[in-house]
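Heavy-atom basis, side chains included; hydrogens, waters and symmetry copies ignored.
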Amino acid sequence: MKTIKLIVSDIDGTLVDSHGQLLPATITGVQAAVAQGAKMVLASARSPKGMFGIAQQLGINSTMIAYNGALTATTDANDQLTVFEERAVAPELARSVQALIAREWPTASINIYTNNDWLVASMGQWEQQEADGIGYQPHVADLADWLQVAPTPVHKIMIMAEAAVIQAIEQRLQMSEFEDLAVYRSKATYLEIVATGVTKAAALKKLLADEQLTTAETLGFGDNFNDVAMLQEVGVGVAMGNAPQAVKDAADMVTTDNNHNGIQLTLARYFDDIITNDTASDN
């Protein structure tokens with residue numbers, strides 16, 4: 001059996017259930033693994049602040065791969081960051097994206113993420129929906145003015161709008177002037193924008209080098225396409241049962257969906273004294 005020294009997990013659709021809650025079995029499994037010496041790393045499109053509450057519920061001090069890999073850091077209850085690695089969107093590109101969308105698709109919600117801060121132009125339905133999901137409110141600001149100064153790095157831009165609008169924006173951002181951006185849909189109504197080359201897998205690879213760990217000593221959980229490279233980077237890649245088939249095919253193992261104790265039962269394969277009532281299946 002492989003010795004696992006680092007566990008990395010996506011959050012939404014993976015570590016939390018369909019209501020955004022941690023299952024007691026997941027908490028028990030993670031705490032048992034950490035008690036036996038494993039490090040737990042959270043990897044998400046969320047900000048470090050948006051992951052901090054999850055880490056607290058798990059009872060761990062986690063290094064966080066935030067914004068899908070744009071920022072690797074730790075944070076605390078006072079939102080104080082310790083940054084290990086980051087790759088930001090170039091300021092001129094961030095300004096171009098904001099100006100284009102505000103002009104051509106004025107109903108779309110533009111969200112700027114920088115360190116632990118979330119900036120929006122106004123509070124509307126989209127913004128409140130996101131706030132309800134992650135548990136904190138954004139700062140309202142004139143985004144064009146803020147981007148002119150850009151006092152802190154732009155780690156991610158997220159656009160929220162109806163699916164047809166998101167599709168149109170995504171197509172427009174494929175043009176050569178935006179070639180230094182990576183653009184993808186995290187859901188039909190959410191468009192994520194980061195610097196080219198930013199992935200969870202790239203951030204994890206650098207973190208493993210810093211921690212002097214090998215990929216064989218790592219185990220990862222994920223449920224969506226932006227997790228595939230990460231699942232292939234780790235020694236044991238585990239897809240959730242709710243993942244698309246292509247994600248399952250890319251993984252080493254498939255466990256139950258995120259509404260059941262799939263994470264706990266998988267950890268029980270590699271760590272002692274984790275009692276489960278279910279079984280995972282090899283891919």
Side-chain angles (χ1 to χ4, degrees), residues 1-17 21-44 51 54-65 69 72 74 199-224 226-245 247-283:
M1 182 181 296
K2 294 183 179 181
T3 299
I4 301 299
K5 295 184 179 179
L6 185 144
I7 304 158
V8 58
S9 181
D10 172 56
I11 294 179
D12 298 291
T14 302
L15 198 64
V16 299
D17 65 15
Q21 303 299 312
L22 285 167
L23 298 175
T26 299
I27 296 173
T28 299
V30 169
Q31 288 182 344
V34 170
Q36 292 173 52
K39 294 185 177 181
M40 183 71 187
V41 173
L42 303 179
S44 173
M51 291 189 264
I54 298 294
Q56 283 190 307
Q57 290 177 61
L58 288 170
I60 61 171
N61 294 314
S62 174
T63 297
M64 299 167 180
I65 295 175
T72 302
T74 59
T199 65
K200 294 178 183 179
L204 177 63
K205 187 173 183 178
K206 182 64 172 65
L207 179 62
L208 292 179
D210 291 344
E211 295 285 343
Q212 297 184 320
L213 295 174
T214 66
T215 56
E217 297 171 310
T218 60
L219 182 151
F221 296 95
D223 78 302
N224 219 324
N226 65 330
D227 297 318
V228 168
M230 182 181 77
L231 295 181
Q232 294 175 329
E233 181 68 32
V234 296
V236 181
V238 185
M240 305 304 292
N242 48 292
Q245 189 59 48
V247 178
K248 294 177 181 177
D249 292 343
D252 301 301
M253 184 189 304
V254 178
T255 190
T256 62
D257 65 45
N258 61 318
N259 290 317
H260 295 84
N261 64 328
I263 287 179
Q264 182 199 50
L265 63 89
T266 303
L267 293 176
R269 292 187 171 204
Y270 300 96
F271 298 93
D272 297 331
D273 302 324
I274 300 178
I275 301 172
T276 68
N277 298 315
D278 218 336
T279 57
S281 61
D282 292 324
N283 187 22

Side-chain contact test, heavy atoms from C-beta onward, threshold under 4.5 Å: evaluate it for [X] versus [Y] and give yes or no.
X    : Y    : answer
Y270 : V236 : yes
M240 : K248 : no
I65  : V41  : yes
M40  : S9   : yes
N61  : T74  : no
D252 : V238 : no
I4   : T218 : no

Quick one: side chain to side chain contact (heavy atoms under 4.5 Å, CB included) partners of [X], sequence neighbours excluded?
X    : answer
T199 : A201, A202
E211 : K39, L207, L213
I27  : L22, Q31, L58
V228 : Q232, V247, A250

Review point. Is a donor on one side and an acceptor on the other found under 3.5 Å between the side chain of E217 and the backbone of T214?
Key: yes
Can you list everything that forms a side-chain hydrogen bond (donor to acceptor under 3.5 Å, both in side chains) with [X]? Sequence neighbours excluded, please.
X    : result
T215 : none
D257 : H260
D10  : T14, K200
N224 : none

Which heavy atom of [X] sits nearest a heavy atom of [Y], and at what distance?
X    : Y    : answer
L204 : M230 : CD2-CG, 4.1 Å
M64  : A55  : CE-CB, 4.1 Å
A203 : T72  : CB-OG1, 3.7 Å
L231 : A251 : CD1-CB, 4.4 Å

Point to revise | Non-neighbouring partners of E233 that pass salt bridge (Lys or Arg N to Asp or Glu O under 4.0 Å), sequence neighbours left out | key: none
Revision key, fill the gap. Residue set satisfying salt bridge (Lys or Arg N to Asp or Glu O under 4.0 Å) with K205, at least two apart, ordered chain then number -> none
Review point. About how many Å separate CD of Q36 and NZ of K5, when rounded to the nearest 0.5 Å?
Key: 14.0 Å
Exercise for review: Please step through side-chain contact (heavy atoms from CB on, under 4.5 Å) for the pair V8 and F221, ending with a clear verdict.
Suggested key: CA-CA 6 Å; V8 58; F221 296 95; over 6 Å; no
Study note, to complete from the structure: side chain to side chain contact (heavy atoms under 4.5 Å, CB included) test vs N242 passes for just one of N258, T256, N259, namely N258
Practice item. Have a look at T26 and tell me which of D17, V16, I263, N261 forms a side chain to side chain contact (heavy atoms under 4.5 Å, CB included) with it. Key: I263
Practice item. Assess whether side-chain contact (heavy atoms from CB on, under 4.5 Å) is satisfied between I7 and L267, documenting all intermediate values. Key: CA-CA 9 Å; I7 304 158; L267 293 176; 3.7 Å; yes
Review point. Salt bridge (charged side-chain N to carboxylate O under 4.0 Å, His left out): which pairs involve residues 234-245, sequence neighbours left out?
Key: none
